[in-house]
Number of protein chains: 2
Amino acid sequence: MDERVPRDFETLRTTILERRQSLPKRIAQIAAYALDNPDDIAFGTAASIAASAGVQPSTLIRFAQQLGFDGFTSLQLVFRERLRERNSSYDERLAALRAKAEEGAGHRAIFDGFVAAASTSLNDISDRLNEDHFEAAIALLAKAETIYVLAKRRSYPVASYIAYALGKLKIRNQLIESAAGLNAEIISFASPRDAVIAISFSPYAPATIEEARVISEQGVPIVAITDSSFSPLAQFAKVWFEVAEADFAGFRSLSATMALAMALTVAVGEKRRDTGGKRKA
Amino acid sequence: MDERVPRDFETLRTTILERRQSLPKRIAQIAAYALDNPDDIAFGTAASIAASAGVQPSTLIRFAQQLGFDGFTSLQLVFRERLRERNSSYDERLAALRAKAEEGAGHRAIFDGFVAAASTSLNDISDRLNEDHFEAAIALLAKAETIYVLAKRRSYPVASYIAYALGKLKIRNQLIESAAGLNAEIISFASPRDAVIAISFSPYAPATIEEARVISEQGVPIVAITDSSFSPLAQFAKVWFEVAEADFAGFRSLSATMALAMALTVAVGEKRRDTGGKRKA
DNA sequence: GGCAATATGAAATAATAATTCCAATCGATA
DNA sequence: TATCGATTGGAATTATTATTTCATATTGCC
């Protein structure tokens, strides 16, 4: 029929959004309905969909034709295909992504690779998280006066999000970053009544390790997020988590670490609320 | 027209497996096919399914009737319902986790919630990424002399990871952060030969928007990562991405944004290598 | 305000698909 | 091996559903 008919849902979606302005009223109505209720389009009959959207079946067909399909039926195929793909199990999806990324099909493959790496890491951590360690870490951090957050380089984004979240939750915290080279001084203020969250992955930033050493010698308890039991961070930590992040193109995903970090932060906030800032409510 | 007709897929599945032995040959053949290719049953017509399974349409109907349905159509409904539910299961799972976490069902629920939020976001973006925008953004960034990275508050972690990655790839970049309040000066150095990656989600940090405005007025092209077409960032951007991050306990996941950011960064690095840093290799 | 072009509604029609029916085949049992 | 009941294949029938058509309404333009 037409020249460039959208064959996959995403293209279709984009096309619809682009033309949204220039569509006649009823057609626009159906367009909006289609994007809002894609499942109904996939399963319904022309009559039932038209009724739900408040238009005539013929309008539905005109809508399809305007997009270049030769009828409602071919339009519906796209919506069905979408469901099929979406529905393929999580693992299959992941495998497909990896395969696509590996065969190196252009820039899209790079994107797929990062998504796959992130998904893998999340899958992984959700199986492996040690709940006892998790509870211990929460308890330790919940009773700290100030939580120090320590991470450099590739782990720094996690630290900055932790600091942001702690601030939002009104939990006193100090991000140890070296803008002015005053880290040593900041660290020297930490006392055993405080606590540290330290994050470092191989190759461990020497500064992180060194600072962790110093601070642990001051008797400040450390919760570490790192990548193996051989990590130099682990030896200084009261509690530590092993997080295996998949990497792609030389860059490690941070999804699992982020999820763990956020969970820790929010759980600490909750525990403090329960225990009561003022020792028992 | 039986008494206990299986209404959901799982019951149906069990019923089929139970009776498998006692079914006549062709009916068993269709039964096996149905369990192996549930998607085909959901979408196909009686004729097409029968053909794929190697039986007659009438057999398909007999199969349905034997299970207590009054015809193929009602059997098919169960298979369709399954697809619908499966499809929404991510969101539902997330909703369930949220509810669980709210009623205080332990810290593990919080962790699961963050993992689910991250997975949902990744799934979502992998379906929705607009490849044309993606290519356009890469092209735009690849020819920039310096890439400025602009993001505050909750988006800042992403910016810092982008800056880290760009640095690793030896791509000149400048993170616009206000440690010393010199942002305005830093921004004033940007020229139309440069480019900006700006990231902001609702509620948009006013500083980000303002700086994006200023920098776009200097003619510097902006690639924006934001959350909707109504975002104030979108109007200043040459290319923008809509990323819908699920949130949990008030904190937005960053997984999808991170994956996109990393993909952009690495793709830019790759494009530069191909095009040749020194104008054609 | 009148005219043409476009859009919409409703019903008729065509296409497609589900179901039924009947004859043919198969399989167990005496 | 003959016979009865169950099973199957294939075509006829019926139902449902998409599509077309045409009259009517709406919109934009002069």
Side-chain angles (χ1 to χ4, degrees), chain A residues 1-2 5-6 12 15-16 18-34 37-81 83-84, chain B residues 1-2 5-6 12 15-16 19-34 37-81 83:
Chain A
M1 180 117 248
D2 221 52
V5 182
L12 179 58
T15 313
I16 293 175
E18 273 168 9
R19 300 202 199 162
R20 196 210 283 269
Q21 309 298 346
S22 64
L23 292 174
K25 197 172 67 172
R26 291 267 114 111
I27 309 262
Q29 189 174 329
I30 257 285
Y33 183 86
N37 310 67
D39 289 12
D40 288 353
I41 307 281
F43 290 123
T45 68
S48 72
I49 296 166
S52 307
V55 302
Q56 292 290 326
S58 43
T59 307
L60 183 46
I61 286 162
R62 288 193 269 260
F63 167 61
Q65 289 171 339
Q66 200 148 123
L67 288 167
F69 298 95
D70 52 44
F72 165 69
T73 311
S74 7
L75 169 76
Q76 193 177 40
L77 286 181
V78 175
F79 282 79
R80 292 189 166 181
E81 202 44 51
L83 268 194
R84 262 183 212 261
Chain B
M1 282 297 170
D2 222 49
V5 182
L12 178 59
T15 313
I16 293 175
R19 302 203 198 161
R20 197 209 279 270
Q21 309 300 342
S22 65
L23 291 173
K25 196 171 69 172
R26 293 267 113 116
I27 308 264
Q29 190 173 328
I30 257 287
Y33 183 86
N37 310 67
D39 288 10
D40 287 354
I41 307 281
F43 291 125
T45 68
S48 71
I49 296 166
S52 306
V55 302
Q56 290 291 325
S58 43
T59 308
L60 183 47
I61 286 162
R62 286 179 195 121
F63 167 62
Q65 289 171 340
Q66 202 148 125
L67 288 166
F69 298 96
D70 52 43
F72 165 69
T73 310
S74 10
L75 170 75
Q76 194 177 40
L77 285 181
V78 174
F79 283 79
R80 293 190 166 179
E81 202 44 51
L83 273 192

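Reminder, nothing fancy here: chain letters follow the sequence lines and each chain counts from 1.
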Provide, to the nearest angstrom, the distance between the [atom1] atom belonging to [X] and the [atom2] atom belonging to [N].
X: B:Ile49; N: C:dA18; atom1: CD1; atom2: P; answer: 7 Å
X: B:Asp70; N: C:dT19; atom1: CG; atom2: P; answer: 8 Å
X: A:Phe63; N: C:dG9; atom1: CZ; atom2: P; answer: 15 Å
X: A:Phe69; N: D:dT19; atom1: CZ; atom2: P; answer: 12 Å
X: A:Ile61; N: C:dA10; atom1: CD1; atom2: P; answer: 15 Å
X: A:Ile30; N: C:dT8; atom1: CD1; atom2: P; answer: 11 Å
X: B:Phe72; N: D:dT16; atom1: CZ; atom2: P; answer: 15 Å
X: B:Gln76; N: D:dA15; atom1: CD; atom2: P; answer: 19 Å

Between [X] (side chain) and [Y] (backbone), is there a donor-acceptor pair under 3.5 Å?
X: A:Ser52; Y: A:Ser48; answer: yes
X: B:Gln56; Y: B:Ala50; answer: no
X: B:Gln29; Y: B:Val55; answer: no

Residue-phosphate contact under 4.0 Å: [X] side-chain N/O, [N] OP1/OP2:
X: A:Gln56; N: C:dA10; answer: yes
X: B:Thr45; N: C:dT16; answer: no
X: A:Gln65; N: D:dT20; answer: yes

- Query: Contact class for B:Leu60 (heavy atom, under 4.0 Å): base, sugar-phosphate, or nothing?
  - Reply: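 If one applies the 4.0 Å heavy-atom cut-off, B:Leu60 turns out to touch nothing in the nucleic acid.
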Q. Mapping A:Ala47 and B:Ser22 onto DNA chain D by nearest heavy atom, which one lands closer to the 5' end?
A.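 With A:Ala47 and B:Ser22 compared, the 5'-side residue is B:Ser22.
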Nucleotide of [options] approaching [X] most closely (side-chain heavy atoms):
X: B:Ser58; options: D:dG10, D:dA18, D:dT20; result: D:dG10
X: A:Pro57; options: D:dT21, D:dT19, C:dC21; result: D:dT19
X: B:Arg62; options: D:dG10, D:dT21, D:dA18; result: D:dG10
X: A:Pro24; options: C:dG9, D:dG10, C:dA7; result: C:dA7
X: A:Lys25; options: D:dT19, D:dG9, C:dT8; result: C:dT8

- prompt: Rounded to the nearest 0.5 Å, how far does OH of A:Tyr33 lie from CG of A:Leu60?
  reply: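 Here the rounded value is 10.0 Å.
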Answer yes or no: is there an ion pair linking A:Arg80 with A:Asp39, defined by an N-O contact shorter than 4.0 Å?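 The answer is no: the pair does not qualify as a salt bridge.
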